[in-house]
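Throughout, protein chains are lettered first and strands after them, A, B, ... in sequence-line order, and every chain is numbered starting at 1.
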Number of protein chains: 2
Amino acid sequence: MAETSSTMDAAGIAPRDEQRRDEDPVVADVEADVEIAVRLAAACGVDRSSRTDRARWLTVLAEGLEAHRDELVALAAEETHLSTTRLSGEVTRTATQLRFFAGVALEGSYVEATLDAPDASLTPPRPDLRRMLRPLGVVGVFAASNFPFAFSVLGNDTASALAAGCPVVVKAHPGHLRLSRRVVQIAHVALVEAGAPATVLALVDGFDAGTALVRHPLVSAVGFTGSTRGGRALFDLAAARPAPIPFYGELGSINPVVVTPAAAAADVGGIATGLAGSFTRDGGQYCTKPGLVFVPEGAGFEQALVAALAGATSQTLLTDGIASAFDAGSAALAARDDVEVVFTGDPATDASAPAVIATTTGAFVAAHETFLEECFGPLTVLVRYADEASLDAALAVLDGSLTGTIHHEPGEDVTALTEALARVAGRIVYNGWPTGVAIAWAQHHGGGWPATTASVHTSVGATAIRRWLEPIAYQDAPAGVLPPELADGNPLGIPRREDGVLAAGAAE
Amino acid sequence: MAETSSTMDAAGIAPRDEQRRDEDPVVADVEADVEIAVRLAAACGVDRSSRTDRARWLTVLAEGLEAHRDELVALAAEETHLSTTRLSGEVTRTATQLRFFAGVALEGSYVEATLDAPDASLTPPRPDLRRMLRPLGVVGVFAASNFPFAFSVLGNDTASALAAGCPVVVKAHPGHLRLSRRVVQIAHVALVEAGAPATVLALVDGFDAGTALVRHPLVSAVGFTGSTRGGRALFDLAAARPAPIPFYGELGSINPVVVTPAAAAADVGGIATGLAGSFTRDGGQYCTKPGLVFVPEGAGFEQALVAALAGATSQTLLTDGIASAFDAGSAALAARDDVEVVFTGDPATDASAPAVIATTTGAFVAAHETFLEECFGPLTVLVRYADEASLDAALAVLDGSLTGTIHHEPGEDVTALTEALARVAGRIVYNGWPTGVAIAWAQHHGGGWPATTASVHTSVGATAIRRWLEPIAYQDAPAGVLPPELADGNPLGIPRREDGVLAAGAAE
């Protein structure tokens with residue numbers, strides 16, 4: 001951990017000595033590891049596997065995790081300091097995700113099978129055209145610090161990529177390396193027993209492995225969950241390649257919340273209790289932590305939040321690096337003249353305890369770049385608004401965020417608030433909290449920069465699979481070369497579009 | 001045109017004097033033009049328009065083009081040297097595209113409306129979630145030199161972006177600037193008469209306008225059709241922005257063709273005639289021009305192609321810059337020791353005449369980087385293969401391409417050839433030619449680098465609209481804030497997915 005905290009941030013990104021590669025035999029070893037992992041993955045043949053096979057592989061991975069739950073939870077608790085209750089819930093979540101993507105693969109609409117019959121009367125004439133999505137190739141996945149299961153070795157990126165038919169090379173997060181290695185062992189046993197190639201999934205670790213992975217010519221796309229700084233550095237690497245590849249980074253997010261005057265008047269205590277639970281949950285170490293809360297002036301929100309935090313305890317944060325960054329970030333906010341510290345543990349004896357900072361819309365707008373920087377950990381900033389106009393002015397300076405939340409009373413017109421938050425946020429939550437991201441067909445976990453590098457896509461939910469796919473069209477193809485998804489008569493019974501008309505598939 | 005050829009390439013990209021901005025009042029004017037166009041576009045309100053309205057706007061744009069066909073064709077012929085027959089066909093194509101995207105907007109499945117009912121029994125619990133795609137924002141479109149209508153002001157990028165609900169700022173191609181200005185005038189009249197904001201579409205021109213457009217903070221995505229060099233420079237600009245944006249570049253493509261021994265034996269004359277027509281069509285100035293043709297040794301293909309080219313005439317190329325690049329590229333190939341010039345006009349008196357170069361698989365593999373560089377214009381390279389093994393070796397070094405074509409006999413097993421070409425190409429054509437890209441739901445016009453900057457997407461066909469959309473999810477939203485596409489009971493009757501099940505919509 002000491003090595004981690006001194007040379008790497010939460011995303012595993014460190015300042016780089018460009019000379020090191022030539023001088024250090026360890027770096028050469030790491031590059032050989034990446035080279036072997038990527039070449040074997042590229043050759044493993046998963047792109048030719050059936051959707052049925054891949055669904056079975058995802059299912060046995062879920063079963064493997066569950067069968068080793070106690071061992072894995074204990075290991076994860078030791079490395080991450082997260083509670084065993086939370087970690088066991090995360091194992092369940094991860095298994096659910098794997099089974100969910102098995103279902104997505106089986107259902108088959110994700111391939112977007114589309115057939116157009118020839119029509120010589122058109123300008124230009126239309127030949128027989130059949131289009132579907134196919135796997136992109138080897139996917140590099142950067143595991144997250146804060147979800148040692150659900151956004152790591154067998155997390156959403158891996159599950160969706162395997163479902164798509166892409167092999168995966170995971171860059172381990174240094175904060176839970178032993179867990180990562182153990183999960184890969186369990187995965188390999190489960191995969192091989194199920195008839196899958198073991199080389200469909202590999203683990204590499206270390207900073208140099210990460211950059212080598214992004215640069216490798218056979219890597220076709222990268223998924224990343226981590227800090228804005230680390231994600232940006234890797235995004236830049238991916239874009240600068242001789243052949244650029246998509247880089248799907250899920251980065252930092254401030255997750256603004258608006259509490260309307262009516263909502264505060266009706267139940268200030270209930271909303272404050274909900275916020276206290278959400279922003280301190282598991283040490284506030286969620287990309288969906290509500291980090292910025294607009295509250296009506298004079299509604300007593302600060303007092304209610306302090307009361308709700310009465311029993312709050314501090315949480316050892318995931319890594320020393322994250323703890324240092326949190327302490328520095330919260331201290332810098334607390335030291336500002338334009339803020340008031342509403343609640344905090346004693347930073348001398350109780351580092352990384354929950355903290356609440358309050359300010360005004362005027363101060364927020366004037367210094368919004370500072371206030372919009374994510375402080376990863378159990379801290380939230382209350383912004384008191386005097387009236388609708390000052391709230392609007394504050395919402396107008398927001399950056400991209402994964403979520404935006406509105407607490408309102410039934411019957412209140414929240415159309416304008418919805419529009420203001422929808423400008424920046426990928427998911428709008430009403431009378432709830434953004435933490436706890438459901439696994440669903442309709443989920444979206446994305447948003448504008450700096451929350452992600454690719455607002456067009458999501459990293460959670462069924463459509464996360466779309467990131468690892470590219471189209472192919474067959475023109476006047478002989479029947480023998482067509483994938484069964486595009487064959488005449490729809491033998492697989494999947495949803496397809498034929499001559500422009502979308503039709504739900506028949507069950508096989 | 002002299003200014004164009006000396007300082008800009010086909011894509012309108014020139015070497016840049018970074019000091020120029022501060023010194024040259026013209027540059028400041030250009031930046032003001034872009035600033036005004038983008039700000040007005042961003043505020044035009046098209047993101048709030050209905051799909052029905054946008055379908056009508058696309059239809060009146062098609063009608064406007066057709067109503068001015070003769071005037072526009074004459075202007076285009078003067079600026080591009082393309083034939084009036086070709087240009088009139090292109091007007092028809094462009095109007096068809098506009099109407100096609102009107103249909104895509106009306107049909108409504110492109111919004112991917114998805115609803116999940118709450119389920120508290122899940123881990124994590126699932127709230128009410130409703131997801132759809134929404135317009136990204138202002139789109140910058142770089143017009144192409146070679147399609148003054150179909151990939152320019154009102155071309156595929158513009159039509160698909162408007163259908164999605166995005167305003168468009170077009171960077172005019174300098175090769176047909178007067179035409180571009182006239183088309184925008186016609187478009188503005190048609191749009192305003194149909195009740196659309198005129199500011200939904202704007203035209204800017206000049207190199208500095210292009211870079212200012214890609215850099216503008218309110219521009220959300222860019223579509224580009226042009227050279228690999230120009231596209232790469234702009235891709236790099238887009239990726240280097242403080243907030244990076246998607247850059248969809250459709251760049252150069254070599255479009256490999258394989259003629260099997262059986263196909264050559266059966267009809268060498270017919271295939272050669274087809275190739276002659278395809279690679280010389282409109283001066284070979286198509287991104288889908290077959291530029292590399294693998295022919296069986298000793299099949300007499302060269303002789304048949306020479307015979308087919310007997311009446312071939314030269315075509316004045318689109319711009320002086322393209323003509324110079326073609327002459328230099330074909331001369332460089334002709335001067336190589338490892339090639340044979342099969343056919344060419346006299347370069348002294350007949351510049352830019354059709355040319356055919358032949359080589360062997362051995363020479364091709366050894367110097368494939370040279371042979372794979374697109375020579376835009378009426379030139380094709382024949383690669384003679386002795387046997388299957390040498391063909392396989394040659395196909396293994398191919399780069400990304402928009403298309404791959406196979407000429408084969410009925411009953412021949414072309415599975416392995418299909419796989420070899422599908423590795424690099426986005427569309428596989430059988431017993432046909434890649435030029436003439438149909439407008440269809442099942443079309444795909446894309447491929448790996450260097451054919452495009454984003455193989456995950458297409459620039460032609462219904463799904464081209466996906467480039468200009470990003471998801472939004474509503475969690476436990478009050479009914480009043482939901483777009484009608486997500487309302488209970490599916491009032492618009494569009495195709496939706498509800499609780500995981502895809503259902504075709506009912507007609508309104």
Side-chain angles (χ1 to χ4, degrees), chain A residues 89 92-93 96 109 114-116 122-127 129-131 235-236 239 243-244 246 413-415 418 422 426-432 436-438 440-444 446 449 453-456 458 463 469-478 480-481 495 497 500-504, chain B residues 89 92-93 96 109 114-116 122-127 129-131 235-236 239 243-244 246 413-415 418 422 426-432 436-438 440-444 446 449 453-456 458 463 469-478 480-481 495 497 500-504:
Chain A
T92 303
R93 179 195 175 89
T96 302
S109 66
T114 308
L115 292 79
D116 283 317
L122 301 173
T123 301
R126 190 173 70 201
L129 277 173
R130 303 179 191 221
R131 169 193 184 270
F235 169 86
D236 289 345
D413 182 358
V414 289
T415 311
T418 296
R427 175 166 56 105
I428 313 295
V429 180
Y430 298 83
N431 289 346
V437 182
W441 287 87
Q443 187 56 279
H444 178 51
W449 176 266
T453 59
S455 74
V456 169
T458 181
T463 56
L469 297 161
E470 65 179 4
I472 183 169
Y474 298 86
Q475 178 171 324
D476 294 329
V481 304
R497 182 185 298 275
V501 180
L502 196 62
Chain B
T92 302
R93 179 194 176 91
T96 301
S109 66
T114 308
L115 292 79
D116 284 316
L122 302 174
T123 301
R126 190 174 69 202
L129 277 173
R130 304 180 190 219
R131 168 193 183 271
F235 169 87
D236 289 344
D413 182 359
V414 288
T415 311
T418 296
R427 176 165 55 106
I428 314 294
V429 179
Y430 299 83
N431 288 347
V437 182
W441 286 87
Q443 188 55 280
H444 178 52
W449 176 266
T453 60
S455 74
V456 170
T458 183
T463 57
L469 298 161
E470 64 178 6
I472 183 169
Y474 298 86
Q475 178 170 326
D476 293 328
V481 304
R497 183 185 297 275
V501 181
L502 196 61

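Of all heavy-atom pairs spanning Asp116(A) and Ala442(B), the tightest one is OD2-N, 2.7 Å. Residues Thr418(B) and Tyr474(A) share a closest heavy-atom pair of CG2-CE2, 4.1 Å. Scanning both residues, Tyr430(A) and Val481(B), for their nearest heavy atoms gives OH-CG2, 3.4 Å. Counting all heavy atoms, side chain and backbone alike, Leu129(B) lies closest to Arg427(A) at CD2-CD, 4.4 Å. Nearest heavy-atom pair, Phe235(A) versus Ala239(B), reported as atom, atom and distance to 0.1 Å: CE2-O, 3.4 Å.
At a 4.5 Å heavy-atom cutoff, the contact between Trp441(A) and chain B is made by backbone and side-chain atoms alike. For Asp236(A), the part sitting under 4.5 Å from any heavy atom of chain B is the side chain, from C-beta outward, and nothing else. Only the side chain of Thr96(A) comes within less than 4.5 Å of a heavy atom of chain B; its backbone N, CA, C and O stay farther away. Of the two parts of Val501(B), neither the backbone nor the side chain holds a non-hydrogen atom closer than 4.5 Å to a non-hydrogen atom of chain A. Interface residue Pro246(B): only side-chain heavy atoms are found under 4.5 Å from chain A. Only the backbone of Leu469(B) comes within contact range of chain A, with heavy atoms under 4.5 Å apart. If you measure heavy-atom distances from Arg126(A) to chain B, the contacts under 4.5 Å come from both the backbone and the side chain.
Contact count versus chain A (heavy atoms, under 4.5 Å) is highest, among Gly432(B), Gly480(B), Ala477(B), Gly436(B), for Ala477(B). Of the listed residues Ala438(B), Ser455(B), Ala440(B), the one with more heavy-atom pairs under 4.5 angstrom with chain A than any other is Ser455(B). Per-residue heavy-atom pair counts under 4.5 Å with chain A were compared for Ser109(B), Gly89(B), Gly426(B), and the maximum is reached by Gly426(B). Residue with the most contacts toward chain B among Pro124(A), Pro125(A), Pro127(A), Ala454(A): Pro124(A) (heavy-atom pairs, distance under 4.5 Å). In terms of heavy-atom pairs under 4.5 angstrom with chain A, the leader among Gly446(B), Pro244(B), Ala422(B), Ala503(B) is Pro244(B). With chain A as partner, the option from Thr415(B), Val429(B), Asn431(B) having the largest number of non-hydrogen pairs under 4.5 angstrom is Val429(B). Contact count versus chain B (heavy atoms, under 4.5 Å) is highest, among Arg497(A), Arg93(A), Arg130(A), for Arg497(A).
Looking at heavy atoms from C-beta onward, Ile472(A) lies in side-chain contact with Ile428(B) at the 4.5 angstrom threshold. Residues Pro471(A) and Thr463(B) have side chains not in contact (no heavy-atom distance under 4.5 Å, counting atoms from C-beta outward).
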Original post:
Is there a side chain to side chain donor-acceptor pair (under 3.5 Å) between Arg131(A) and Thr458(B) once you walk through the steps?
Top reply: CA-CA 11 Å; Arg131(A) 169 193 184 270; Thr458(B) 183; over 6 Å; no

